[in-house]
Amino acid sequence: MDKVELHDTLTREKRELTPSDGKQFRFYVCGPTVYGPAHIGNFRTFVLFDVFYRVLVAAGLQPRFARNITDVDDKTIKASQEQGLTLRAFTDRYTEKFHADCDTLGLLRPDAEPRATDHIQEQIDLIAVLMEKGHAYQGADGSVYYRVASFPEYGKLSHFDPAALQTQATNSAEALNLADEYDRDAVADFALWKAHKPADGENAWDSPWGRGRPGWHIECSAMSMKVLGQTFDLHGGGEDLCFPHHENEIAQSEGATGKPFALHWMHAVHLLVEGKKMSKSLGNFFTLDDLLEKGFAPDAIRYLLVSGHYRQQLNFTLKGVEGAASGLKKLRKLAAHLRVPEDADRTAPPPGSPTGAFASAWAVLRDDLNTPAAIGELFKTGSALLSESPREEDRMGLHKLLFALGIPPVGPENTTAETDAPEAIRALADRRWQAKKDRDFTAADALRAELTAAGWQVLDAKDGYTLEPLAR
RNA sequence: GGCGCGGUAGCCAAGUGGUAAGGCCGGGGACUGCAAAUCCUCUAUUCGGCGGUUCGAUUCCGCCCCGCGCCUCCA
């Protein structure tokens, strides 16, 4: 078992990861809310946790990985109604889309993928325990709320002072004005069970507190504990989830069980697109399909997402994806030279296998998941190996790294789309080929210029040529 | 205001108290009639600014400037 260290949001220290049950390393990642196709920012998070999972596998920590699907909330309900679909039919559609996108980006499937609406009873049971223990109460509106004041450790993850949170909230003019209308005892209290509203339509379930639906945070507490146990090794998600979502999960779970919930917390920092926070109005809001339509290869997109450290903002740019494709090509040459198996990105070499010249890359990857440093090491050691005859230990080492990063050692055979050139272009190209065969290079060059002007590039081979549309 | 992160070559991005990884782009060269591809090679006396600690700081401390995140349901 190789040592893996990771920064912990809770303690703000780097800590070694070990399975607390001595067998499997159990971890949970907050998955997508399936109300539409996920965007590239979502995928940064999911790709990073995929790499994390892979590193654990390759290190021999035998991970058990759970990632949920959130299929009930304001957005899913609203969008399903707008499309005239049941919540289930609607969320099924985008769950499938999410799976397809994950496959495209080479993500390994989690060991468990619980859905919120499949675990309503577990959530109700958990809320009932919180009611019994005095951590929850039913408000005047019929909704059930968590009493934050009942959990003294509230704020320990995000390092917020609960008192300050209260003060702050009540200090805002809006909160003051509305204070009397609150159904909660304190503004920091959050909903565990939401009483049915007309806007929810059919999307309601029976509970001891009347019809309604679960609050957002409770699903992750209920499902993670069901799938992984009351105490498990690590919980992760995007940085935005640290507060309040994860803080609330801790309050709910530890309030109910009296035991530690997740032992280690990991948060992935959001990316920037073209230097700005993604937003539809800025036109830098990309789904995976948007990028594929622009002609970018999925593995280049993945490579770029992995080329930044997970605790560092990453600036995702279109130019960057192009550059990523160039870098990938080099790595693949190295993989071919070392005869790494073609499925190296999908099949892990045995844990403990030799890493040879790639030991340093493997080491930095296990040191707080330093993917950019690992890629750097890959190139550094790799270029030296290119001129030597391949060694088995290096082959194993590169295999391990490519698996951990999820980089396929072989690219798609036809990276450039098979675009058929129009007849007129073909004719021009044929004339140029003839001119070239006649060694009339002046005419050949003139024809090449014409083709270039028309947006086509001629690539010569020994006994023929191919036409490619010029890049964007 | 509270908590936190960052400012390293044209771009992306590691890193260390001991004198700046790597990738992309670009330049030069080889090869090719040209182009593409490929190969070789070059590109930060310097790490936002100013002080301090130190034999020595990009790395530690202080202040300042700039950018960013979270502060109630956005990965």
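Naming convention: chains lettered A, B, ... in sequence-line order (proteins, then strands); numbering from 1 in each chain. Note that these values count all heavy atoms, side chains included, but never hydrogens, waters or copies made by symmetry.
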How far, in whole Å, is [M] from [N] if one measures between their [atom1] atoms?
| N | M | atom1 | answer |
| --- | --- | --- | --- |
| A57(B) | G52(B) | C1' | 11 Å |
| A13(B) | C71(B) | P | 24 Å |
| A35(B) | G28(B) | P | 12 Å |
| G15(B) | A44(B) | C1' | 15 Å |
| U58(B) | U46(B) | C1' | 8 Å |
| C68(B) | U8(B) | P | 15 Å |
| C40(B) | C74(B) | C1' | 49 Å |
| C5(B) | C11(B) | P | 25 Å |

Residue [X], side-chain atoms from C-beta onward, closest of [options]:
| X | options | value |
| --- | --- | --- |
| L241(A) | A75(B), U72(B), G4(B) | A75(B) |
| K277(A) | C70(B), A75(B), A21(B) | C70(B) |
| R44(A) | U72(B), A75(B), C74(B) | A75(B) |
| Q312(A) | U72(B), C12(B), G6(B) | G6(B) |
| F160(A) | C12(B), A14(B), C3(B) | C3(B) |
| P244(A) | U72(B), A75(B), C68(B) | U72(B) |
| Y303(A) | G4(B), A13(B), G23(B) | G23(B) |
| M278(A) | U72(B), C74(B), A75(B) | A75(B) |

For the aromatic rings, using the six-membered ring if either is Trp, is the centroid distance between [X] and [Y] under 6.0 Å?
| X | Y | answer |
| --- | --- | --- |
| Y53(A) | F49(A) | no |
| F27(A) | F52(A) | yes |
| F316(A) | F286(A) | no |

Under 4.0 Å from OP1 or OP2 of [N]: is there any side-chain N or O of [X] that close?
| X | N | result |
| --- | --- | --- |
| N370(A) | A13(B) | no |
| K380(A) | G23(B) | no |
| K330(A) | G23(B) | yes |

Roughly how many Å is it from [atom1] in [X] to [atom2] in [N], rounded to a whole number?
| X | N | atom1 | atom2 | answer |
| --- | --- | --- | --- | --- |
| H246(A) | C74(B) | NE2 | P | 13 Å |
| N248(A) | C71(B) | CG | P | 12 Å |
| R332(A) | A37(B) | CZ | P | 17 Å |
| F52(A) | A75(B) | CZ | P | 21 Å |
| L318(A) | C11(B) | CG | P | 17 Å |
| L271(A) | G69(B) | CG | C1' | 13 Å |
| D240(A) | G69(B) | CG | P | 12 Å |
| F379(A) | A14(B) | CZ | C1' | 14 Å |

* At under 4.0 Å between heavy atoms, what does G41(A) touch on the DNA or RNA strands: base, sugar-phosphate, or nothing? ->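 Since a base atom lies under 4.0 Å of G41(A), the category is base.
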* Heavy atoms under 4.0 Å, any strand shown: does G376(A) hit a base, just sugar-phosphate, or nothing? ->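 The answer is base, as G376(A) lies within the cut-off (heavy atoms under 4.0 Å) of a base atom.
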Between [X] and [Y], is any side-chain donor less than 3.5 angstrom from a side-chain acceptor?
| X | Y | result |
| --- | --- | --- |
| T104(A) | D101(A) | no |
| D438(A) | Q434(A) | yes |
| S207(A) | W193(A) | yes |
| Y28(A) | N68(A) | yes |

* Which atom pair, heavy atoms only, marks the closest approach of P298(A) to L105(A)? ->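 That would be O-CD2, 3.6 Å.
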* To do: Measure across N315(A) and G275(A) and return the closest heavy-atom pair with its distance rounded to 0.1 Å.
  => OD1-N, 2.7 Å
* Counting N and O atoms only, with roles assigned by atom type, does the side chain of Q457(A) sit under 3.5 Å from a partner on the main chain of E468(A), one being a donor and the other an acceptor? ->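 No, Q457(A) side chain to E468(A) backbone: no donor-acceptor pair under 3.5 Å.
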* Qualifying salt bridge (Lys or Arg N to Asp or Glu O under 4.0 Å) pairs with a residue from residues 139-148 of chain A, counting only residues at least two apart or across chains ->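 Qualifying pairs: R147(A)-D185(A).
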* RNA chain B: stems of at least 3 consecutive Watson-Crick or G-U pairs, cut-off 3.5 Å? ->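 Listed by first number, the stems are B:1-7 with B:65-71, B:10-12 with B:22-24, B:26-30 with B:38-42, B:48-52 with B:60-64.
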* Asked: Could you run down nucleotides 29-35 of chain B 5' to 3' and tag each one B, S or - for protein heavy-atom contact under 4.0 Å?
  -> ----BBB
* Distance-only donor-acceptor test, K194(A) side-chain atoms vs C73(B) base atoms, 3.5 Å ->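 Under the 3.5 Å cut-off, the side chain and the base do form a donor-acceptor pair.
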* Is the cationic atom of R432(A) (NZ for Lys, CZ for Arg) positioned less than 6.0 Å from the six-membered ring centroid of Y465(A) and within 45 degrees of its normal? -> no
* To do: Verify the stacking flag for H270(A) against G69(B): centroid separation must be under 5.5 angstrom and the ring planes must differ by under 30 degrees.
  =>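 No, the aromatic ring of H270(A) does not stack with the base.
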